[in-house]
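I have placed the structure first, in the form of C-alpha cells, so that the comments after it can refer back to it.
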Amino acid sequence: MPDKPEQENTAEAVSQLHVFTSPHIHSRETVSKTMWSVFLALVPAGIAGIYFFGFPALKVIIISILSCVITEALIQRLNHKKVSILDGSAALTGILLAYNLSSSVPFWVPLVGGIFAIAIAKQVFGGLGANIFNPALAARAFLLASWPKQMTDFVSPLSPDAVTQATPLMLLKEGKFHDITQIGISYWDLFIGKRGGCLGEVCIIALLIGAAYLLWKGYIWWQTPAGFILTLGGLSWVFGTTGFFKGDFLFSILSGGLVLGAFFMATDYVTTPITKNGQLVFGISCGIIAFIIRRFGGYPEGVSYSILIMNAFSPLIDRYLRPRKYGTKLTAA
Amino acid sequence: MDVSKFMVIMISMVFINNFILSKFLGLCAFIGVSKETKPAISMGFAVTFVTTLSSMITWLIYHFLLIPFNITYLRTISFILVIASFVQFVEMVVRKTSPGLYRLFGIYLPLITVNCAVLGVAVLNSETFFQEGYTTMESFWFSAAQGFFAGIGFLLAMILMSGIRERLELTNVPKPFKDVPLAFIVASLMSLAFMGFNGFRF
Amino acid sequence: MKKLIKEFTKGIIIENPTFGLVLGLCPTLAVSTSVSNALGMGAAATFVLLGSNIIISAIRKIIPKEIRIPCYIVIIATFVTINELVMKAYLPALNASLGIFVPLIVVNCIVLGRAEAFACKNPIVNSIFDALGMGVGFTIALVIIATIRELLGTGKLLGLIVIKNFAPVTMMILAPGALLTLGLLIGLVNYFHIKRKTNKEITKVGCDGCK
C-alpha cells in the first residue's frame, strides 16, 4: 500500500485509509466485522425466501450454515489449528450456498455442499484468504454436476403444496416466450421475488437493500456490480431474441441470480481482483460470459459459472493491472 | 466450406472439450510446467505449434498413404514416427537459426513428442474428419483447425493454472497438498467451472 | 531370485507408476470411470510393457545411443498396434470405451520411461519382472481410483449395484471428479510420507525424466 502524507485531522486520515482483507489479513477483528456485515446484509433476502418458499427454505439455510461451520471447526481441530468459526467466513459461505439452492432440495444437498465448500474449496488451499474459487459457487457447481435432477427442481412461490414450476430463465431457454406477459409475470413480481428460483436470489429488493448497506459502509465497491449488471443487461438488450435492440433489459437483470451474484459473490475479497480497475474488468467479463451461457449454452443461467471462470482469471488480472508506483512508467510485468 | 464449423471447432476444443480439463491429454506437461507463467506460455505456444503442424502432416500421411494402400492399421506407428521426426527436425532448425526462439520454446520440443495431446489430436482428426460428408479440402482444414485450437485450449489452461499457482506460492498450503495434489484440485475446480459451457449451440 | 522378486514388488508400492513415480497420468484419469475399464487398460499396458521391455532388453547392446529413442518408439508402437488390432477384433466393447487411449499407450510415459530407465541397462529376465511389476502396480492404482469413482459415481462396481437407495455423486464419473480423486489420493500418499518422514513427498510429475 502506498504511503499517505500525514494529515493534521486524524479522523480525516482514518476515513481515507481503506482497510481491506485481501490474501494478507492483518487483524482478526476486521475480518469478522466484514464477514458478519455481509452476512447481515444478506438476511433480508433470506427472510423473503422463507416467506415465498416456506419452511423448506429455512431448513436449507440452517443445514447449509451448520454444515459449513461444523466442517470448518472439525478440520481446524484435526489440524491442531485455532478454530476460527467465529470470524463468520464459514457462516457466510453457508448462507450464500443456501441462497443458491432451490428450497425443495433434499436435506443432504446443503449438507454435502457445505462439506465440499469448506473442505475442498477452502481448507485444502490453506483456509481463509488462500482459496482461489468462491467456495459457495464451487459447491453449487459440484452439486449441479452431481445431482442435476434435484438441483433443477424449482417450486412455485407461495404455494403450500410446493408445486413444481420452471423458473423464468428456464422457460426462456426452452423458447417458451418472447414477452414476459406470456408467462403471467410482471416486472413488479420479479422485483419483489414472486417467481420460481433459488431461495436467496428471487427477492431483488431485499438484495438491493443489503447491497446498499454494504456500498454505503464501503465494504464493497460499485465497479464489479455495475460492470456485471450493465454488461449482461446491455448485451441481452442488444442481442434480443426477437431482433437487435429488442431485448428485455429489465427482465435480464431481474431474473436469475444476477443481483445476488453481482453484489455478493463477484465482490468476494479473496477470489476477485484487488484493484478497482481489476474489479471493473472482472465485472464486465463476468457479464459477457454469463450472457454467452444464457444465450448459447446448455444451462438457463450462467452467473455462477461466469464468476467461477473469472475467479480463475483473477490472479492474472491482479498481476497485470497492478497500480503503478507514483512517478514510474508502465513497463512489462 | 462452412465457416461456422470453424467457430464450433474453436468453442469445442478450447472450452467444452478442453484437452486438459476435459479430455486429460497433455496432463504431464500441464502439471509439470505450470508452476511459473513464462515457461507455461512457452510450453503452450510450443504445443500449439506442434499440434497444428503435425495435424496437417498426419492428415497428409493418412490421406495419401494409409488409405490408398489400405494400411490404416499402421496409423499409430506412422503417426508417432512422423511426429517424433518432425519435432526433432524443428528442434534442430530452431536451435541453429534462432537462439532467441529456441530459448522461448525450443527447449520444450523434445518433451512434446510424448505429449498425449499431439498424438491425441492426430488420432482424433483421423476419426472425426474422414467420414462421409466431408470434402477433401474441408477434411484437411478442419483437421488443421482442430489441431490448432486444441493447442490454444492447452495454452489457455496453462496460462490460468500458472497464474493461480504463482499466487498459491504466497499462501500457507497444508503440507500434504503442496504443489502437485493442490494442482490437481485446482484443475478439478477449473474443470467444474468450464462445465458451464456444456451444451453449446449456435 | 530374491533380486528378481524385488524388481517385481518395487513396481507395486515404492515405485508405483501412479503414486510413486507419477507417470502415465492421462490414461489414469480418463479410463478410471469404471473398474472394468481400469482392468482392461491395465492389462493392455502390461502387455505392451512386457513386449517392449523384452525386445529392448534383448537388443540393448546393439542399438546405437544416438538413435535409441526413435528405436524404442518403433518397438513400442509395434506392440501397441498388435494390442490395438487384437482389441478391435476380440474386445470391441472395451476398445470402444477406452477409445483414443488405446493407441495413446505408445506415448504413455510409463512404457517409454521403463525402456529408458531399466530395459536398456538390464538383462531380459530382470526386465520381464520389472515390466510385470510396473504393469501390475499401474493396474492396481487404476483400479483403486476406478473403484472410488464408480462406487461413488454410480453406486455400482463392475456394473453390479452395490449400494442401494443412494443418489450417486454423478460428478465422480466426470472430468472434475477424476482430477479431484487423484488430487486427494496423492495428498493422502504425501500425508503418509510426511508422517513416516521418508522425505519422498510427491512434488513433481515424473515425466520430466522422459526426454
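Residue numbers start from 1 in every chain, and the chains themselves are labelled A, B, ... in the order their sequence lines are given, proteins ahead of strands.
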Heavy-atom pairs under 4.5 Å with chain B - which of [options] has more of them than the others?
options: C:G99, C:G187, C:P70; result: C:G187
options: C:L188, C:I100, C:L184; result: C:I100
options: C:P176, C:A30, C:A77; result: C:P176

Using non-hydrogen atoms only, which part of [X] is less than 4.5 Å away from chain B: side chain, backbone, both, or neither?
X: C:L85; value: side chain
X: C:I194; value: side chain
X: C:L174; value: side chain
X: C:F192; value: neither

Tell me, do [X] and [Y] make a side-chain contact under 4.5 Å, heavy atoms counted?
X: C:L179; Y: B:F24; answer: yes
X: B:F184; Y: C:L180; answer: no
X: B:L25; Y: C:L104; answer: yes

[atom1] of [X] to [atom2] of [Y]: how many Å apart, nearest 0.5 Å?
X: B:N115; Y: C:C26; atom1: CG; atom2: SG; result: 7.0 Å
X: B:I77; Y: C:I76; atom1: CD1; atom2: CD1; result: 11.5 Å
X: B:S188; Y: C:M171; atom1: OG; atom2: CE; result: 4.5 Å
X: B:C116; Y: C:N108; atom1: SG; atom2: CG; result: 7.0 Å

If you draw a 6.0 Å radius around [atom1] in [X], do more than 12 non-hydrogen atoms from other residues or ligands fall strictly inside?
X: B:F45; atom1: CZ; value: no
X: C:K156; atom1: NZ; value: no
X: C:I13; atom1: CD1; value: no

Which heavy atom in [X] sits nearest to a heavy atom in [Y], and how many Å separate them?
X: C:G24; Y: B:C28; result: N-SG, 4.5 Å
X: C:V107; Y: B:T113; result: CG1-O, 3.8 Å
X: B:A84; Y: C:I73; result: CB-CD1, 4.2 Å
X: B:P176; Y: C:N190; result: O-ND2, 3.1 Å

Pairwise salt bridge (Lys or Arg N to Asp or Glu O under 4.0 Å) hits with a residue in residues 75-97 of chain B, at least two apart | B:R75-B:E127, B:R75-C:E84, B:E91-B:R95
Can you tell me which portion of [X] sits under 4.5 Å from chain C's heavy atoms? Options are side chain, backbone, both or neither.
X: B:L189; answer: neither
X: B:K35; answer: neither
X: B:M195; answer: side chain

